[in-house]
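All of these numbers come straight from a predicted model, not from anything done at the bench. Below, chains carry the letters A, B, ... as their sequence lines are ordered, and counting in each starts from 1.
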Protein chains: 2
Amino acid sequence: MPELPATRERILDAAEHAFMAHRYEGASMRQITGEAGVNLAAVNYHFGNKESLLHAVLKRRLDGLNQERLRVLDELEAAAAGAPLKPSQIVDAFFGTLLRMGAEPGGDTFMRLLGRILTEPAEFISVVLAQEYADVLERFKQALFHALPDVPREEIVWRFHFMLGATSYAIAGTDALRLVTDWQTEAADDGTDRLLPRLMSFLLGGLRAPLPEPPAKPKQRSRRKTP
Amino acid sequence: MPELPATRERILDAAEHAFMAHRYEGASMRQITGEAGVNLAAVNYHFGNKESLLHAVLKRRLDGLNQERLRVLDELEAAAAGAPLKPSQIVDAFFGTLLRMGAEPGGDTFMRLLGRILTEPAEFISVVLAQEYADVLERFKQALFHALPDVPREEIVWRFHFMLGATSYAIAGTDALRLVTDWQTEAADDGTDRLLPRLMSFLLGGLRAPLPEPPAKPKQRSRRKTP
DNA sequence: GTCTATATCATGATAGAC
DNA sequence: GTCTATCATGATATAGAC
């Protein structure tokens with residue numbers, strides 16, 4: 001197929017950049033189509049509406065990312081032959097794969113987009129992400145349960161959530177980082193190369209931290225509310 | 001002053017709720033003024049524009065929060081009489097004070113608002129937050145430097161940033177959490193009470209994690225680019 | 001000082017010619 | 001498939017009456 005539909009890809013590229021720079025609500029169709037050099041109506045023709053456009057932008061990259069995550073996890077589990085994996089292996093398969101994808105040639109804009117999108121609580125975005133992530137998160141949760149049999153599952157879920165937060169915030173980029181450092185320049189230019197080991201150390205430290213002591217409520221067992 | 005200007009406060013309350021529910025761009029002036037039961041133009045009269053309204057909403061609560069944080073830190077340092085504080089004390093003074101504020105009667109909506117706002121990369125919001133947070137962050141950074149003299153300052157800054165991310169994400173609320181857990185109900189209803197110890201364990205584990213090994217680049221000293 | 005009514009503008013989406 | 005012209009809607013902000 002020599003004649004590739006250039007407009008569709010041009011729109012996706014421009015939209016990815018615009019959503020990254022101005023997030024969903026701030027990016028207008030006119031900005032996107034203008035940057036792509038296509039007509040305003042082309043988005044509606046090819047994707048239907050703005051929401052579906054964002055969905056297509058995310059799906060184009062997330063599919064590859066999550067396939068790669070599952071592939072790495074499968075490989076690790078096959079090599080372990082039933083023995084529990086090390087938590088660091090699982091964390092690296094999930095978060096390391098993400099960060100390494102961001103280090104690839106064009107991957108940084110998508111990584112920043114993802115960081116911003118993950119924190120966007122707009123109604124339909126949560127739905128899209130939940131669909132896209134459901135099975136991957138389930139597989140990784142199970143892997144962590146298996147790797148940390150002594151840690152209550154509830155704690156693992158909470159910590160996975162904290163890890164997602166730290167990562168989203170970290171990859172969402174330099175804007176927020178400006179808050180916490182004024183000598184940002186030094187920290188920023190070696191940024192991506194050293195982000196991975198730094199974040200990994202932090203995440204693992206948090207994952208393996210001593211359990212909090214329960215809030216000393218010995219009563220209150222099996223409370224159920226009828227829905 | 002018996003006759004308090006009810007409209008101003010009514011607008012602030014309604015705006016806080018609307019910004020929390022729909023974030024900055026999604027909350028319309030009509031929603032806010034409608035919920036407050038005041039005229040559409042009242043916002044512009046009292047606050048000038050929408051940006052200044054958000055600034056006022058944040059300032060009303062952040063002032064108290066940050067004063068309290070500094071008070072706690074001062075108290076700890078006075079008690080230590082020059083000796084280094086424990087990292088857990090500093091982390092608790094910063095993040096614990098925030099989470100405890102959220103546990104107060106009306107504090108939860110502001111806490112969720114703050115979580116969302118902290119991840120919002122809109123241009124002017126970063127400026128507002130940077131102003132509001134500058135001295136507090138500086139003080140806490142210095143306290144951590146003092147408490148962890150063996151850890152490179154650069155690493156501390158990075159980890160502080162990761163901690164902010166995990167916390168923002170955690171308090172931004174239940175929406176994102178739905179991603180990672182489907183038995184969310186169980187985790188959600190004891191939510192706030194147990195969030196604090198859980199998050200604190202995680203943050204401390206990350207803060208004290210072993211340092212990452214440097215990326216094995218023995219060369220490259222004192223690179224400077226002329227600006 | 002406070003609110004009513006209105007002005008001005010930008011957005012996403014569509015209809016229909018080419 | 002692509003374009004031009006246009007629509008309806010909801011946004012912020014202002015001018016002027018009470």
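Within the model, atoms CE of A:Met111 and CZ of A:Arg61 stand 12.5 Å from one another, a figure rounded to the nearest 0.5 Å.
Going from atom CG of B:Leu40 over to atom P of C:dC3 covers 12 Å, rounded to whole Å. As rounded to whole Å, 14 Å separates atom C1' of D:dT4 from atom CG of A:Asn44. Following rounding to the nearest Å, A:Glu51 (CD) and C:dA13 (C1') show an atom-to-atom distance of 13 Å. The interatomic distance linking A:Ile11 (CD1) with D:dT2 (C1') rounds to 11 Å, in whole Å. Atom CG of A:Leu53 and atom P of C:dA13 are 10 Å apart (whole Å). In this structure, CE of A:Met29 is placed 7 Å from C1' of C:dA13, rounded to the nearest angstrom. Taking atom CZ of residue A:Phe124 and atom C1' of nucleotide C:dG12, one finds them 13 Å apart after rounding to whole Å. Distance CZ (A:Phe47) to P (C:dG12): 15 Å, rounded to an integer number of Å.
Distances shorter than 4.0 Å separate none of the side-chain N or O atoms of B:Ser28 from OP1 or OP2 on D:dT12.
Because its NZ or CZ atom is both nearer than 6.0 Å to the ring centre of B:Tyr24 and within 45° of the ring axis, B:Lys50 counts as a cation-pi partner of that residue.
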Quick one, A:Phe162 with B:Leu203, criterion side-chain contact (heavy atoms from CB on, under 4.5 Å). Give me CA distance, side-chain angles, the key distance, then yes/no.
CA-CA 9 Å; A:Phe162 296 150; B:Leu203 296 180; over 6 Å; no

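A donor-acceptor contact under 3.5 Å is not formed by the side chain of A:Arg30 with the base of C:dA10.
In this structure, the ring of B:Phe160 has its center less than 6.0 angstrom from the ring center of B:Phe94.
For A:Lys50, taking side-chain heavy atoms from C-beta onward, the closest of the listed nucleotides C:dC3, D:dT2, C:dA13 is C:dA13. Ranking C:dT2, D:dT14, C:dT14 by closeness to the A:Ala41 side chain, first place goes to C:dT14. Here D:dT2 is the nucleotide among C:dA13, D:dC3, D:dT2 with the atom lying nearest to any side-chain atom of A:His46. Taking the side chain of A:Asn39 as heavy atoms from C-beta on, and the options D:dC3, D:dT2, D:dT12, the nearest nucleotide is D:dC3.
Side-chain contact check for B:Glu138 and B:Gln142: at least one donor-acceptor pair (N or O, by modelled atom type) lies under 3.5 Å.
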